[in-house]
Amino acid sequence: MTAGIVGYGAYIPKYRIKAETIARVWGADTRRIVDGLGIQEKSVPGKDEDTATIAVEAARNALARALINPKDLGAIYVGSESHPYAVKPTAGIVGEAIGAGNHYTAADTEFACKAGTAALQMCMGLVQSGMIKYGLAIGADTSQAAPGDALEYSAAAGGAAFIVGSQESEWLAEIKDTCSFTSDTPDFWRRGLSPHPRHAGRFTGEPAYFKHVLQATKAMLDKTHLQPTDFDYAVFHMPNAKFPIAAAAKLGFKPEQYKDGLLVTAIGNTYSGCSPLGLTKVLDKARPGARILVVSYGSGSGSDAFVLEVKPLIEERRGLARRTEDYMKRKTYLEYAQYSKHMEEIH
Amino acid sequence: MFEESAVIRWRKYTDRYRLIGNACKACGETYYPAKEQCPCGGKEFAAQQFSGKGRLLTFTEVKAAPEVFESKTPYVIGIVKLDEGPKVGAQICDANAGDLKIGQRVEAVFRKFYASGETGVLHYGTKFRPVF
Ligand SMILES: [Zn+2]
């Protein structure tokens, strides 16, 4: 396989709400929630932000690092479960905003929290087949939770963008391989006209998240003949902090391998942006030669696994755009009433 | 501005999404939005892509707004002097008036302007935020 990341970019809105602020409103036990989910606070979109604006800033950061002409993008795919329109593509808005011209194929993808990694695989295929020169894959969300639902503590906003190309000399990281594990599992869903998703409580664990993440990871390790100890970094989808840590332990990965990508404790679950943002944070730091495992999870259900290897060019490119941590450090806390107003705006 | 039809706004997408104005070929003066005639008498222009970096010249907080912006109040509007020269009137986002200082560095970002009602088109464009 010959595909690599020639540019990557992140974006996280500046607003935050603390778990304790939400818990206070519902009379819930803050300590039990923070200990249970491992989420201290989550990101909240500004009143003028949505999946399209988040995708655009992440894409502009990816272009700043790729140093390519946006008109050389042959494909733009935006993965999200919160596209601004039910019918009208986010990908076209992004293409216009980054100056991609008109000669590119585009579509929005949806697969709960793994729509962004599915977009990444689509770009790999198009690049490897020679159909396009570069592809832009984005995972971004302004995820929704019904007020008072357990998801309210985790449903966050953010996104990450990756430009994929086939020229080895342009790679910041090679995507060595990918594989997926997919099934029909009713753990989390949202019908067309419902404003908020529903979920099957405890059922979201073993038969859903763990089964898919573990099976995709095992298949990826088998296919590449690699062991957990062969990786410098591992990023597993983070619906909360407990699930990825438990998955890592079951698979034999150690805290020093997953701690850098585990940004859920500080920003919550950014859905389609979640494991992609974990990858951007690792790319901000990883040394050339470092090997990275990324495993997404989307309810419904499926997991996409990727093995990446960092290339020397990353050292001179990563400083050309804001790092994921720059966005994580920029924050303004909201009270619950302000948070409610922000969330109303993105409907 | 908010009464324009979706089609009229669509014709300006390129300029508004990407901060593209023009430069007079006779004297080199740059404009945003693009002009058709320069005070120097020049009528020939070349497209100019602005960097989006600039300084905040002045600003004010809007507390009472037209209906389409009502839910966004309070928000800040200001005038930004782009590093390339032109002065642009725009919304200043990710900030309260109390956080801002005249002369501070700002940068262009892509944000939602407003929605044409519950079922209408969404309008996007360039705003400015404090550099961080
Ligand atoms: Zn002139």
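Per chain, numbering begins at 1; letters A, B, ... match sequence-line order. Fair warning: this is a prediction, and the values are worked out from it, not measured in the lab.
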| For A/E96 against B/Y17, the heavy-atom pair lying closest together | CG-CD2, 3.3 Å
| message | Report which part of A/E57 has an atom under 4.5 Å of a heavy atom belonging to chain B: side chain, backbone, both, or neither. | response | side chain
| Considering heavy atoms only, which positions within residues 22-29 of chain B lie below 4.5 Å of chain A? | none
| Other residues, nucleotides, ligands: >12 heavy atoms within 6.0 Å of B/E36 CD | no
| Taking NZ, NE, NH1 and NH2 as the nitrogens, is one of them in A/E49 or B/R111 under 4.0 Å from a carboxylate oxygen of the other? | yes
| said: So for atom CZ, which belongs to A/R198, do other residues, nucleotides or ligands contribute more than 12 heavy atoms lying within a distance under 6.0 Å? | reply: no
| Is B/K72 reaching over with its side chain to a backbone N or O of A/D48, donor-acceptor style, under 3.5 angstrom? | no
| message | As an exercise, state the distance from CD of A/E344 to OG of B/S71, rounded to the nearest 0.5 Å. | response | 8.5 Å
| Residue by residue, which of residues 64-90 of chain A have a heavy atom closer than 4.5 Å to a heavy atom belonging to chain B? | A/P84, A/Y85
| Contact residues of residues 124-132 of chain B (partner chain A; heavy-atom separation under 4.5 angstrom) | B/Y124, B/K127, B/R129, B/V131, B/F132
| query | Do side-chain atoms of B/R18 reach the backbone of A/I98 as a donor and acceptor pair under 3.5 angstrom? | reply | no
| said: Please identify, among A/I54, A/T53, A/D326, the residue contributing the most non-hydrogen atom pairs under 4.5 Å to chain B. | reply: A/T53
| query | By number, which residues in residues 45-52 of chain B have some heavy atom less than 4.5 Å away from chain A? | reply | none
| field | A/K331, A/R330, A/K14 screened by salt bridge (charged side-chain N to carboxylate O under 4.0 Å, His left out) with B/D94, the one that passes | value | A/R330
